[in-house]
Each structure stands twice: as C-alpha cells, then as structure tokens.
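Okay, structure first, notes after.
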Amino acid sequence: MSDAAHPIKMPTRLKDRLTRRPGSNLSWVILAVVFALSVAINPAFLTWGTIRLQLVQAALIGIVAIGETLAILIGHIDLSIPWTITLSGILSADVYAAHPSAWVPFAVVIAVGVSVGLVNAFGIYLLRVHSLIWTLSVNLILQGLTLVYTNATASAPSVPPVARTLALDNWGGFPVASLVWAACAVAVILALRALPFGRHVYAVGSNELAALMSGVPTGRTYVVVYVISGLCAAFVGLMISGYASQAYLGMGDSYLLPPVAAVVIGGTRLSGGSGGYAGTISGSLSVILLQAMLVSLNISEGLRQIIFGVILLGLVFLFTRQRK
Amino acid sequence: MGAVLDATGLHAAGLTKRYGGITALQDVSLKLVPGEVHALLGANGAGKSTLVKILAGIIQPDEGTLELNREPIRLGSPQAAYRARIATVHQELSLFPGLTVAQNVLIGRETRDRIGWIREAASIDTARALLEQLDVQDIAPTAMVSDLSLAQQQLVEIAKAMLFDPLVLILDEPTSALGRSDVEHLLGVVRKLRGRGCAIVFISHRMDEITSIADQVTVLRNGRKVGEMSRATFNPAKALELMLGDTPRHLQRLKAPASPDLQPPLLDVRDLTVPGRLAGLSLEVRPGEVVGLAGLEGQGQKEALFALFGLFRRGLSGSVKVRGKPARATRPRQAIASAFALIPDDRKAMGGFVGLGVGRNISITVLDRLRSLGVISPGRERSLVAGLVERLRIKCASPAVPLGSLSGGNQQKVVAAKWLAHGADVYLFCDPTRGVDAGAREILYETIHSLAAEGRSILIYSTDMNEFAILCSRVLVFRGGHVSGSLVGAEITEENILGLSFHEAAHAA
Amino acid sequence: MTGSPTPFSKIGPPSRFKQAIRHFGGAAFCGIGLFLLLVVYFYEQPLALSSFGISSLANASLALVLVAAGQTCVLLGGGLDLSIGAIVSLVNCFAATLMGDSILSVALVVLGSLLLGMLAGAVNGLLIAYGRLEPLISTFCTLFVYGGLALTIRPQPGGHVSDDFATLLTGNLGVLPYAAIVLAAMLLLVWMPIFRSRLGRFIVAVGDNSDSAYASGLPVRPVRLATYVISGLFAAVAALFLTAETTSGDASIGASYTLNSLAAAVLGGVALTGGRGSVVGAILGGIVLSLILNLLSVLGVPAFWQDLIEGCLLVLVLAAAGVQRLRIDDWTKLLGKGRS
Amino acid sequence: ADILSDETLAQCFVKASPSTIAIAPKSKTGPFRIAFSNSLYGNNWRTEMLNSVSAYVKQPDVASHVKEFKIYNAGNDVAQQIAQIREMILSGYDAIVVNAASSSGLDSVLNQAAKRGIVVVSFDNVVTTTKSINVNEDQREMGRQWAEFLVGKVADGKSILMVHGLAGTTVDNDQADGAMSVFRQHPNLKIINVYGNWDVGTNQKVTADALSTNHDIGGVWGTEGATGALQAFLQLNMPVVPMTGESDNGFMRLAAEHHVPALVIGQSPSLASAGVLAAIASLSGKSLPQSASIPLAPVTTDQMKPAADYFPDLPGSFVTDINIAKCGIAIPVGAVVK
Ligand SMILES: Nc1ncnc2c1ncn2[C@@H]1O[C@H](COP(=O)(O)OP(=O)(O)OP(=O)(O)O)[C@@H](O)[C@H]1O
Ligand SMILES: Nc1ncnc2c1ncn2[C@@H]1O[C@H](COP(=O)(O)OP(=O)(O)OP(=O)(O)O)[C@@H](O)[C@H]1O
Ligand SMILES: [Mg+2]
Ligand SMILES: [Mg+2]
C-alpha cells in the first residue's frame, strides 16, 4: 500500500550493519580503549609475550562464553559453569591416570558436558524453572558431587598431556589455546548466522511462543544450547588443568561471572534474542585485559574490586541500556 | 462531575513525529470539542496510534503544540495527561494480569484511609460503581484480570479511564477484538459519555461503526491529514478513497470455486473435544473450500483452530485426519508436519519476533529449504523474502528492520507471509484482519482466495461478520463450544449467522 | 440488539481457596516443611526447646530471613538484586569499624548503617530505574563495588562491637529471642505500612507489567528505586544483626546471602519474574533454608555431602514448583509472555 | 606412649611471646566428648587436616582419651559457624576445637562456651578471645624466614614478587608483616605485591601477568600455591629465580627437578591434631600457654629427599608435612590420601 510514499529501500549491508548494531561495534572500540589504557599504564602490554599470555587467558573465558552467549541469546543464563569446569578437570585427570589413552580426556569432557547440559535443559525447558536459580543450584550440586567424589582432595598426580598441549603449547608462534578458540569462534559465528540452529536460537530468545508456533524445535534448541554450554565448560576444565598442570578443587571458581560480563560487554542483551558471538570475543578480551591491568597496578584488593566494578558498570552503561 | 471542557476543547496544531527515517506524523492538527465523537480514520501505519500516544503523553512530538481550553499544555508523561484529565485506552491494553479488576481500575487512585493505607472494600465499591456506569454486570471487581476474556479486559480498561472523569477520552481501536454485541454495548457507552460533555477520540477500521457514532471524522494517510468530514458530510466511499489514495479498490465477494463433491475431504475432523472448551467438533473440508467458523466471541471457534494446530498439550479426544492420515497434534510441530498452518490474531504474543528483522520472521518456517551445502543461502533467502514483501505489499524500509517497528497491519502481513512461504494443506486463519485496514485486508482476502484456488483447505475464524459473506463457501456457527448450525452459499448473511448464534438451529442445513 | 444474551460466562471472584493458594501457596508449602523440620530437630536435639536453644535457632535464621524479605521486595517489583550480600558485608564492616561503647556512638552507627544500606540500595535503584540498566548485570557490577568498599574499610576481619549492642540483639527475653522481636518490628514498622499503602500496590503493579504501569501513569522509576532502597534497608538491618552476632566486621560475611536469599524467596513461592508472591512465604523460606543447613550438621551428615544435599534439595523444590507448571495444558499459557 | 607427657607438651606448645599467660586447666575425668568446628573446606589443606585429625583421634593412645569426636563444617560463613558452635554448647561437649572463619567473629559465642565450662581451642585461623587456647605456627616468623632466605640470594636493585594469599586474612597479614620487617631493611629491593589466593591457578595467572610486565624479578616470595608461581616461570621459559613456598608436593617436586633454590616452610595440616591434643591436655589438668606456637620445620631444596620430604607419586596438591614430630603426632600418608 502507498508504495510510492515509502518505497522498499534496500540499503547496503554495510550501512545496515553500522546503523543497526552499534553494540557489537562499540565493543571493539571499548577493547581498543582498554588496551590503550593498559599500554599507557604499563608499556609491557605491548610486547608479544604479554599479548600471548592474555590471549591464552582470554581463550579460556572466551570458550566458556560461547555457551554463555548461546544461553543468554535464548533468554536464559548458565551459572553452572564453575563446577562443571572443576568436575571435568578433576575427572579427566583421574580417569586418565587409570586409563592412559589419548581419547580418555575427551570422553570425560563429553560425558560431563553432555550430562550437565541435559540436566540444565531439563529443568529450564521441561520444568520451566528460572535459569538463574536452576543453574546456580546445579552448580551447587556439581560442587557437592565433586567434593564427595574426591573426598575433597584432588587425587590424580598429573594431568593428561593433551591438556598441557592445549593450554601451554604454541603452534607457529600462536598459543594453541587461542587457535582452538579462534576455530570455535568461527564455528559458532557461522552456526549462529547461517545454520537453522542459529535462527532457532534467536527465535526462541525473542519470543518462545511464536517460535513454537512457527515450527521451531524449541526443546531441541534448549538442549543443544545447554549441551554446548556444558561441553565448552568441560573442555575449558581440561584446558585449565593443563594450564595449571594439575586439576584442583575450586579451579573454576573465577568463571562464574566474568563470562557473563564478557557477553554483556559484547553487546548481547540479557533479555535474549539479540546480539552474537562476535561481540563476545572482544568482550572476553576486554575482561581479561581489565583484570590484568588491575593486577599490574599493584593496588589493594578492595580498591581493585571497586575499579573493576565501576569500569564494568561504565561499559554496561554504554552498551546495554534498555531502550525504554 | 468536575469542570467541563469549554467550547474550545483540546486543540492540537502542527504535530509532527519522526522515527529515524520514517515520518509517522506530519503537521497534523486536530480539534476536539466537548460532546463530540471525533473519529480518526486511516490505513495501517497512517499514524493514528502515534497521534494518540502524543495526546496520552507517552511520546513527545518533534514539532507542534497543544492547547487545552486555550491554555498551552505540555504532556511530558502519562501522568501529565491524566492530570489534564485526558484518559486513553491504548490499542495495546495496559492492564496488570496479576491484579484484580478493582485493583486494576483504581491503580494509582486507590481509596485510602487517614494514614494512607488502601481501603480494599471502598476500592471494590468504586470499581463496581464504575463498571455499572458502563452497564457491565458480569465482571466481579474481585476477579483476576488474567481470568477475563479480551473483550472484558477492554471494558475494564475503559472503566479505568473513566475513573479520571476525563474531559477527553481516547479510544484506540477499542472494538477490534470485540464481537458484534460487545461492539453495540461499547458504542452505547460512548454515546452516553458524549452526552455528558466528554470529548471522545474514536479509532476503528470498521466503517459501520464510524457511520453510527462519529460526529467529526479526520482521515490520515501516511502521517498526514488528508481529509476532514462532519457527520453531515461523511461518506464512507469518499473516506475510503481518501484513506487509500488514488488507487481505486473494490471489495467484492470472492467466490471460492465450488469443489466437486467427488474429491475426498482434505481435512476430516470427528468429535474433536477439548474438555471445557470444545465439545465434539466434527467437520469435513474439501480442497479449495473456505469454511468460516462464526458465532459470538468465545464460543469455541478459536479453540477449534488452536486444537487443530496442536496448542493443547493434553486432554484432546476425537480424530483429526489430513488426506486420510491421522493428524491429531499436541505440539505445533506435529500439526505443521501434518501440513497445518495457523495465522494467529495476537501478533505480539504468538505471531512474530518483534525484535528480529522482517526477513528473519518470514524465513523462519522454511530454513531447511533455504539451505545449500548445509548453510542457509543468503541469496535464496533474500529473494524469497523480497518476493513475499512485494506480493503482500509489506511496508518496511528494508527486510532487515525489526518487525516491531512496523504498524499492526503490516506485522500481520508478515505473519501471513511466513506461512505462505512454508505452504500447507490446511490454513487456519484466526481473526486475521483484526486491526487491519481496508487495503491490507484486501490483500489478505486475495491471498486466501488464491490459496483456495490452489486447492488448499481453509478455516477462518473472524470477529468481523462481513468477512464470512465475502470469503466463505460454508460457515459453521458455534455456540457454547459446539456447532449450532451451518450455512452455505447465499445463506451466509449477518442476519442468519446472528440468528444461529442466539438460537439453536432446528436442523443444520 | 438490546436484550441480547451475554456472550461470555460471568466471571466471578475466584474462590477464596484459589485466591489463598495464589498468594500463599508457597508460604503454606514452607509452613508444612518447617513443621516437619522442627519435629525432626527437636527429636534430635531436645534441648533446642530451652531458651538458649530457641534463641540459637532464631539467631541462626534472622539474617537470612531479613535479606530474603529485602530480596522479595525487589523481586515483587520485577527486579533482582545480586549485590544484596555485598551490601550486608559493607554495612557490617562499616558498623564494626566505627562503633564505640557509648550509647550515642552506638545509636549514631546504627543510624549511619541504615542510611548506608539505603544509599547502596538507592545507587542500585538509580542505575536500574534511571540509568535503564538491566538489574542482573548492574547489581552484578555493584556487587564488586560494595564488596570492594567493604574490603577497603576492613581488609581483615575484626573491629569492635559494643557488648550491650551485641547482647541486646542476640539475647532473649524469657523464651522470646530478641531476633524475633527485630523481625516483627521490621514487618510491622516497614513492610506492612509499605504494602498496605499505595507504594506497595505500585510495586506489585510494576513487577506485573511495567509497560502497563507506565501507560497507567504510575511513577514507574521512583517505584523501582523504592524497591531497591527498601531492600537496602532490610540488608542493613540484617547486617547490623550479624554485626551483633559476630561482634566483628568481615568483608566476606555477606557472600552467601545472595543465592540463599533468592532460594528462600523461591522456596516461599515468590516469582523470580516479578509481581507475584508474599513476604510471609519468603520469611518461611528463609527459616526453612537455614534450619535445613543447621539440621544437616545436627544429623551429622558428612561434611562433603552438605553441598550436594543442599543443591539437590533446591533442585527438588524448584522441580516441584516446575511440575505445577507442567500441568498447564495450554501451550499459549505455558509460554505466553505478553499476557495482555 | 603417653601423649600427655610434660616433656612433649613443653616442646610442642611453646609460648608465642614472653608475655603469654597460661590457661588454667579444667580438670575432668576422661574420656572426653570433643567437637571439632571447621570453617572452610574443599581445598587440599583443609581436607588433609580433616583426614589427619580423624586418623589421629583413632590412634589407640589418643582414642583412650576420646569418647566422642564429631566434625562440623560451616563453610566460610561466620554466622553458620556460630550457629554450629551454639549447637555444640547445647549438646554439652567437653571441648570445642575450632578453625575459625573469622578471627574476632566467634569471640562472643566462644566466651559463652567457656563460661559453661567448655574447653575452647583454636588453631590455624585462631581467634582473638583470651578464653581460648590458641595453637598455631608462627606465621610472622614464617614470612620472616622466607624473606631472609630471599634477601640473601637476590641481588640489589632487582624486584621481589610477593605472591600473597587471600587478602584480608590474618594469616596473610602476619606472613606479609614478617616479610616486610626484613624487606624494609633492604630499600634497594623493589617489592611487587600480587594476590594468589593460596590457589595454584591464581598464583600462576598473577605471576605470569607480573612477569610479562616486569622484567627484573629476581625472587619470588610465595606461600601456599607457589607451585603456580614456579609453573609460570617454566611456562614462559624464563630462567628460574629463588623462591619460597609452603609444603606443596608439586612445588617441592618441581623445585627439586629444576634445581630452583627454594625454602619451604609448611603450615602443617596436623595443627588440627595439635589442637585436639591441647584440648585433651587441658581437660586432663595440664596447664598450657594461652597462645602456643608449634615449632617450624624449614627445608631447602638441597635438603629435600624423595618419598620423605616430597612424594613423586602423589598429586602436586598434596601437602607434605603431615607429621609434627615434636608434638608426637605421626600420621601415615595413607590415612591422609584416600
Ligand atoms: N517506535 C517506533 N519506531 C519506529 N517506527 C514506528 C514506531 N512506532 C510507530 N512507527 C511507525 O510509525 C508509523 C505510524 O504507526 P501507527 O502505529 O501510528 O499506525 P496506526 O495508524 O496506528 O496503524 P494501525 O492501524 O496498524 O494501528 C508506522 O509506519 C510505524 O511503522
Ligand atoms: N537488501 C535486502 N533484500 C532482501 N532481503 C534482505 C536484505 N537485507 C537483508 N535481508 C534479509 O533480511 C534478514 C535479516 O537481515 P540481516 O541484516 O539481519 O542479516 P545478516 O546481516 O546476515 O545477519 P547476521 O549478520 O547477524 O547474520 C535476512 O533474512 C536477510 O537475508
Ligand atoms: Mg494503531
Ligand atoms: Mg490497527
């Protein structure tokens, strides 16, 4: 109707992108600012050694944040990551000690990740419990399970060699961890953009009822999202055990909220249905740089926390303000 | 009653509102006079709701001024509008499902005792009195709003507006969700308020309502005022022409091709029952047939469509067959697999993804088919989307803009487009033209016509009785959850439908 | 068409029973649970009925109960407060660091603590209501800020608390523990007046549907702000009580209260999505939760099993609530967000 | 053997300072009911502590004094620990042995316990009330010895990286104070402070961060979790520097393997057993110092012997010094690692 007055304009994709998604572009700007700040505070941040180190750290957060991004995109959250990491790290070291063969760590990662994902999806999709509190409870159960299983002592003397390769080695000058991260990132970005699964994720996140009524397999989407999230966390558990050369209790404790922060800084909205993994990449790097910068400032723990909180707040303020 | 509006009333001048590139309203002036019903006419997206939102203080105009009783006023917030005694019933209802009717009606104006505590009993009395003023007897003030039907919620919303003893009452499409008798009721209420010296803004897409109630008519097109008529000069045909622009349009009866009886029924439903909602529905629909589900609001028509589409998770009994194969569903995916498609009435809640782009809304049903080498081919997606946008004349800046930024009618077209893309044997239309303007309505009619011509079966529920006469070859009239009679061909008239709605047919034709 | 029959059935008020279930279902559930727990507890520890035993129980649960009530206020308004535990820590450190022995100093510190709690809540509220940030993420950020402030005030646990203040809050008057009196006072002097007045109604309305609230002309932003200020106040009182109980300040004391307050609220039937629930439920939920934790120790449950049991319990309760929802036989009701 | 011989007790419980007063014994007839209140759990040290103390009370010499021994775990939650201690008071135990979640937070409830005639012993994270017998290793001295070791090995003008434990805890503050008392006399050494939270991963991360931004680190003052600090050097292929740390098996193993000059002084998990010993002694009528120091047992890299000081077959996180010879506490490794 009245096509003359409002012709269907077909703007160039580039223009589209710039006007429609200021969030994810802004997150790279912020990363640049954080990086510039780090360098100003300590020029050593410009050395390849430091950058490489930060890349490994960022890879750990970044891979975990794949699952977190997906969970947040479907309008939920995953806070069961810390003890999924710990359980998988400890279990893979343990089982490997008993059966030292190369595929064992991966089998453990898959078993842990898939089971945690299924339990999460069960509570959140089938029972429709709020994901925040369900995943926190699952986290508590995993903590209990780990403690009961280990009798609160990590017992394996060493970690599988593949864990060390993943976390410590370099290939062609690049840390293996960040190469793995890059590969995962490409895969997830492609999946979100070009696979039906990706469209399903956005559809469920923006209106689950409408998704159901459009024939989207909503249950399967939940399951896949949470299983991926479990797998990412379990895999990172293996990597961290390699990084520290041992699996220990509480090794995932610092992975509760930073992944959420990375996702949010990356411009994905917590209400679901909008955002993507590209932003999370810069979000992960920003979070890690911020942490490292605060360490290098050599200030009291309390002040460091305050600064982290305030800076995060500032970033969130820039990115996630609700429209209304 | 408090002070009344003096004869100058509310005067809006030169209102302009832009959303990014779209000018939703351009230099529109409006005079609201006490004791008059001022109707706003316009196609979907003409800017009616935008104007309403400005008067309600929800949004602020980019340009323009407002004067109330010759004093300039600024409506910076909804509170400001209420203080000026301008009360609005929005197109999208603004109720609290978790609160009772009385709590909803009196929200923010509760009766309180000296220390400021709410006196529930007094509030309930006030709410009851207000509902009685509106001649509503069947809603208890202590009922939960979530238990009410849409029509009842609409009345609660009006009662809520009445509490402000408004000088200006704005009703944005109050009748779009109502059945015939509710509409009559509501128009009666509007007349009563007019009699009390209220200035009323009334928006509707139904010409007969405008004819019967409006004292003044303002016609909008693409955000501009294109005509003004008084009761005396009002002429529906002329108004339609102004609304739609130069393109001449003729609504005419679309005759579905009479289906040869030899063809086996595409859809065969026997004794379909949903406890408490649908009592034993049986029907057969042949390819190319368009069957209407008529009756007063809330008699099980919608439930029938929802039950076929798998929206009831349990309790279904009876049989459903499509092309002779069992097709009873407890999940929409099952129903879709048996070749059903449902175009729902509640766009926001069920139809679309307001935050996602128009293109993505359309392609969601056919992702598998758009794949090449496993990934969705952007080219194929783009051409599919572009084709449907053009076919249904969806008005949007680009297929990438979010669905939520489109006007209601265009959103509805997007929802239909999604199912045209997918294709189905049986199309279920649930009040598809609710709140849709004449132009879009015609496009939807054409679409239904062509679907029938292709040999699909179509079931339509509508709150607009005229639609059955235009579209259907057969109409089933529902009453109390079951079919009370059916009409064929020339029998399909408003009178006959209403007759069957109220009195059980002695013998179904 | 005058005299036409009404096309829809008359909608009467829901039965009293249905209404009661809607409002107090969670509370009733917790009440039953509480009763069972108490029976087991008194069976295991008969001395629990002594005045020392009763005040022990009351003291063990009061802080969580108060924090849960504060959290409930925010939840009812459609928000969420992850920083509430950090506010507890902050106020605790503040009070234990500045308190002297004179009555004047105690009074000033108590007043200052309440103000500090409300200020911290107000900052949350301003960020969310006026800064338009998502509650989850912004209170996650302030969690660090308040926790960091607490750590800056008190890098190591310690401080001084007046003995009179400590005994006044943690002792007992006959069999009646002061903790119960504090709770009753908070409910009668703060909660009741708010929730019987317009503000309380607005809080529930905003939590139910904030768009409607805006369109209905309710002061949505001030109401949101108010929920956080109130929750800050409750957190501050909880912190003062903890200060009296622990006679010291500790920057990590509040850490466990965030999840536990959410869990208590959910146990008590408060919806995490806003607008539904009662404070009675949250209070009972808080008592049940702390009693369970206590009972696990009394029953000699091996240490490493405690987390597991606590977690399983939570999941079971959540699942029970979820199974209720499974009985909804209509997809549109089960998933519908836009309910208008 | 008599675990309560005067000689053992005198060797084991040394006055923490000359001004330390003695606590009058509460002589009762045994065997005794002893409650054990632990705070945090879930790290290796605490687990070994719980395992070793459980094993200790089952040793025949000890068991004859103990009628009931019950462990309560509060987690790092003062209020929860207070509730549990109130529960112990109600249940009428003879002694309460506590590893506190907060140094001053338990004072009031422990005073109430003492008022009811219950013997109160605190260890590791000790409490400030004087009604309790405090048993600990001298953390300040430990920090001081580590610092002395480094000062002798690091060239002037270099930096020393102090990888602290958990900010704000008494133990961390004491260790740091002891260290600073030495470092302050060497103003030419630059001190860099980071917090490793006593955890290997965090140690590794903060050390790696510090290493990549500071290139003149000549020594690492590390505590629990120093394994991570050492691994950071190895991971970055940096030449190792003199280090200190606690008795983590992994740290000692790596130090021995890579010939890192290191000084290891451990906080023994068997402090808990020493606490139980103190409780039994006090109940049996022995007078003890109110604040007692258990003798330290420092080891340097050149002194370490496999299977005695460190264990190639056990996990890196195993805490090695589970015996306190001077207190007569000997726990078999098998009882601690399960
Ligand atoms: N928030 C918004 N952002 C962008 N564009 C908007 C927004 N709200 C309205 N518009 C645009 O403004 C125009 C007028 O919309 P409006 O809702 O006023 O139409 P209407 O006349 O009420 O239509 P309908 O009959 O379908 O309700 C439409 O083109 C719509 O797409
Ligand atoms: N100019 C256009 N003509 C026709 N269809 C378009 C056009 N631009 C986009 N679309 C379609 O509109 C939908 C939404 O476009 P959008 O720009 O979000 O895709 P996109 O940029 O590929 O998304 P993303 O980059 O997040 O994967 C897509 O289905 C796309 O194919
Ligand atoms: Mg409109
Ligand atoms: Mg409309």
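Nothing here was measured: the structure is a model prediction, and the numbers come from that model. Sequence lines set the chain letters: A, B, ... in the order given, protein chains first and strands last, and positions in each chain run from 1.
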Would a 4.5 Å heavy-atom cut-off, applied to side chains only, mark [X] and [Y] as touching?
X: B:Ile364; Y: A:Val216; answer: yes
X: B:Val375; Y: A:Leu190; answer: no
X: B:Arg333; Y: A:Met213; answer: no
X: B:Leu356; Y: A:Arg199; answer: no
X: B:Asp368; Y: A:Pro196; answer: yes

Nearest 0.5 Å, what's the CZ-OG distance between B:Phe353 and A:Ser214?
4.0 Å

How long is the straight-line distance from CG of B:Leu367 back to CG of A:Leu195, given to the nearest 0.5 Å?
10.0 Å

B:Leu370 portion near chain A, given a 4.5 angstrom heavy-atom threshold:
neither

With a 4.5 angstrom heavy-atom cut-off, could you sort out which part of B:Arg331 is near chain A: side chain, backbone, both or neither?
neither

Within the supplied structure, the quantity of interest is the number of heavy atoms (other residues, nucleotides, ligands) at a distance under 6.0 Å from B:Arg224 CZ; does it exceed 12?
no

Side-chain (A:Asn207) to main-chain (B:Val354) donor-acceptor, under 3.5 angstrom
no

Checking heavy atoms, do the side chain of A:Ala211, its backbone, both or neither come under 4.5 Å from chain B?
both

A:Ala210 versus B:Gly352, closest heavy-atom pair with distance
CB-O, 3.7 Å

Which of A:Ala203, A:Gly198, A:Ala191, A:Gly273 touches chain B most, by non-hydrogen pairs under 4.5 Å
A:Ala203

